[in-house]
Participant: 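Pasting in a structure now, in structure tokens, and then I'll have a few things to ask.
None of the values given here were measured: they were computed from a predicted structure.
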Amino acid sequence: MIGTPQKEDVTVTTSSETVTVSYPETGSITITASAPGTYTVHVGENVYTAVIETAGGSDTVTVPKLPVGSYDVSVTAPETDEYFALDTGKIATYTVTQGTVTVTSANVTVTYPDTGSVTITASLAGEYTVKVGDKTYTATITEDGGSANVPVELLDVGDYGISVSGSAGDNYYPIDTGIINYYHVLAGSITVTGQGTTVTYPDKGTIVITTDVAGAYTIKVGDKTYENVELIAGTNDFNVPDVFNANDYDVKVSANIANYNAI
């Protein structure tokens, strides 16, 4: 008589006891089994199927995007005529770590008193806080890899670091780029033109001065200097305070006004 064949246990191993991916990446798990068959691979509560064609063969299952966390990996299979039912218990750990949002910005240069804007591009859609120096603005990016433009208010001459911060949820690290570029404000230029006058001694006369920037100017007529003369942006009539002897006198104008190049 031929005896009844004895059932065997199935052994299953994985190519790695630890699998780590960064969100939102997908991963994979390879199992090797001592018997051919269809196996159920559990990653936490997620279930996948591996088909082993031959004894000692392998199959790789793809694990779709999972939220951040650690998942126990186990393998099960039903009992067959040749093999006992299989329940490996935990044989590996599948870990999803937080992803990183990348944010970039362009360098910006403006000339005072112009205002400019900062454009940021982010790998993930969302609402971001953009800082230009100590000024704070909000940028909303509507699609992954998209951009947003943020108008920047009038700033004094200087160099201002551009940084971005925010939170994209539990699956990503908090965003804190540090300074990723600069917003440069250059000194503006002052344009001054003048129109002299001819007077008859002992008249004092008036000089017409046109400037595009209001502020305090120094006006020199010959060897006479008049400090802190307030001029408006536009045309100004400067009444000469002193009587000059008959002659020709040069008129010179200078200024050192904040945010503008000295003239």
Side-chain angles (χ1 to χ4, degrees), residues 103-122 128-140 147-165 176-263:
V103 180
T104 60
S105 87
N107 182 74
V108 180
T109 300
V110 298
T111 300
Y112 191 90
D114 292 341
T115 56
S117 61
V118 170
T119 298
I120 68 165
T121 300
Y128 296 85
T129 297
V130 180
K131 291 193 71 176
V132 181
D134 60 358
K135 305 295 184 182
T136 301
Y137 309 94
T138 298
T140 300
S147 298
N149 187 268
V150 179
V152 177
E153 64 194 86
L154 178 65
L155 297 176
D156 290 338
V157 168
D159 297 321
Y160 301 86
I162 300 170
S163 62
V164 180
S165 61
D176 186 1
T177 64
I179 293 176
I180 53 177
N181 226 315
Y182 284 88
Y183 185 91
H184 305 286
V185 183
L186 307 181
S189 298
I190 301 173
T191 300
V192 176
T193 58
Q195 180 181 339
T197 186
T198 300
V199 297
T200 301
Y201 185 88
D203 293 341
K204 297 177 180 179
T206 298
I207 299 170
V208 177
I209 299 172
T210 302
T211 177
D212 56 355
V213 177
Y217 289 77
T218 296
I219 300 173
K220 190 171 183 180
V221 181
D223 60 357
K224 302 288 186 180
T225 301
Y226 307 100
E227 302 280 359
N228 297 317
V229 178
E230 288 291 336
L231 300 181
I232 65 169
T235 301
N236 300 262
D237 290 335
F238 173 63
N239 297 314
V240 178
D242 296 293
V243 175
F244 284 78
N245 293 327
N247 206 338
D248 293 328
Y249 299 89
D250 290 338
V251 178
K252 297 180 179 179
V253 178
S254 62
N256 191 355
I257 298 173
N259 295 312
Y260 290 92
N261 291 310
I263 63 166

Participant: Can you name the nearest heavy-atom pair linking E230 to A216, along with the distance?
Facilitator: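 Taking every non-hydrogen atom into account, OE2-CB, 3.5 Å.
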Participant: Counting only heavy atoms not in D248, do more than 12 sit closer than 6.0 Å to its CG atom?
Facilitator: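 Result for CG/D248: open.
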Participant: Is a side-chain N or O of Y183 found less than 3.5 angstrom from the main chain of G116, in a donor-acceptor match?
Facilitator: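 Checked: pair present.
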Participant: Please give me the minimum heavy-atom distance between A106 and N181, naming the atom from each residue.
Facilitator: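 Closest heavy-atom pair between A106 and N181: C-ND2, 3.6 Å.
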Participant: Give me the atom names and distance for the closest heavy-atom approach of V130 to A139.
Facilitator: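 Heavy atoms only, the tightest pair is CG2-CB, 3.9 Å.
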Participant: Please indicate whether D250 has more than 12 foreign heavy atoms, meaning atoms of other residues, nucleotides or ligands, lying under 6.0 Å from its CG.
Facilitator: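 At most 12 heavy atoms, drawn from other residues, nucleotides or ligands, come within 6.0 Å of this atom.
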Participant: Take atom OH of Y182 as the centre, draw a 6.0 Å sphere, and report whether it contains more than 12 heavy atoms from other residues, nucleotides or ligands.
Facilitator: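 It does not: Y182 OH has 12 such atoms or fewer within range.
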Participant: How long is the straight-line distance from OH of Y226 back to CD1 of I219, given to the nearest 0.5 Å?
Facilitator: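 If we round to the nearest 0.5 Å, I219:CD1 and Y226:OH are 9.5 Å apart.
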Participant: Could you go step by step and tell me if I180 and T104 meet the side chain to side chain contact (heavy atoms under 4.5 Å, CB included) rule?
Facilitator: CA-CA 7 Å; I180 53 177; T104 60; 5.6 Å; no
Participant: Would you tell me whether D176 and S165 have side-chain atoms, one donor and one acceptor, within less than 3.5 Å of each other?
Facilitator: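 Side chains of D176 and S165: no pair found under 3.5 Å.
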Participant: Please report the C-alpha distance between L154 and Y112 in whole Å, then the side-chain angles of each, then the deciding distance to 0.1 Å, and finally whether the side chain to side chain contact (heavy atoms under 4.5 Å, CB included) criterion is met.
Facilitator: CA-CA 8 Å; L154 178 65; Y112 191 90; 3.5 Å; yes
Participant: For residues 252-263, run the donor-acceptor check on the side chains, cut-off 3.5 Å, and write out each pair with its distance to 0.1 Å, sequence neighbours left out.
Facilitator:
unit_1	atom_1	unit_2	atom_2	d
N259	OD1	V157	N	2.8
N259	ND2	D156	OD1	3.1
N261	ND2	G188	O	3.4

Participant: Keeping the roles fixed (side chain from T206, backbone from D237), state whether a donor-acceptor pair exists under 3.5 Å.
Facilitator: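 No, because the side chain of T206 does not come within donor-acceptor range (under 3.5 Å) of the backbone of D237.
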Participant: Please name the pair of heavy atoms, one in S189 and one in D212, separated by the smallest distance, quoted to 0.1 Å.
Facilitator: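 It is O-OD2, 4.0 Å.
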Participant: Mind jotting down which residue pairs meet the side chain to side chain donor-acceptor pair (under 3.5 Å) criterion with at least one end in residues 215-225? Sequence neighbours excluded, please.
Facilitator: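 Sorted pair list: T211-Y217, T218-E227.
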Participant: Could you work out, with salt bridge (Lys or Arg N to Asp or Glu O under 4.0 Å) as the rule, every residue matching E153, not counting sequence neighbours?
Facilitator: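 Expected list: K135.
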Participant: Which heavy atom of V103 sits nearest to which heavy atom of A122, and what is that distance?
Facilitator: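 Nearest heavy atoms, V103 then A122: CG2-CB, 4.0 Å.
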Participant: Would you give the length of the straight line joining atom CG of D159 to atom CG of L186, rounded to the nearest 0.5 angstrom?
Facilitator: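 With rounding to 0.5 Å, CG (D159) is 8.0 Å from CG (L186).
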Participant: Do you know which of I120, V132, V118 makes side chain to side chain contact (heavy atoms under 4.5 Å, CB included) with Y137?
Facilitator: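 So, applying the side chain to side chain contact (heavy atoms under 4.5 Å, CB included) to Y137 and each of I120, V132, V118, only V132 qualifies.
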Participant: Do you know the tightest heavy-atom contact between S117 and P151?
Facilitator: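 Closest approach of S117 to P151, heavy atoms only: CB-CA, 3.9 Å.
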Participant: Output, in order, the C-alpha distance, side-chain angles, deciding distance and verdict of side chain to side chain contact (heavy atoms under 4.5 Å, CB included) for K204 and V199.
Facilitator: CA-CA 7 Å; K204 297 177 180 179; V199 297; over 6 Å; no
Participant: Run the numbers on V192 and I209 for side chain to side chain contact (heavy atoms under 4.5 Å, CB included), then give the verdict.
Facilitator: CA-CA 7 Å; V192 176; I209 299 172; 3.8 Å; yes
Participant: For the atom pair OG1 (T115) and CG (L155), what is the distance rounded to the nearest 0.5 Å?
Facilitator: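 It comes to 9.0 Å.
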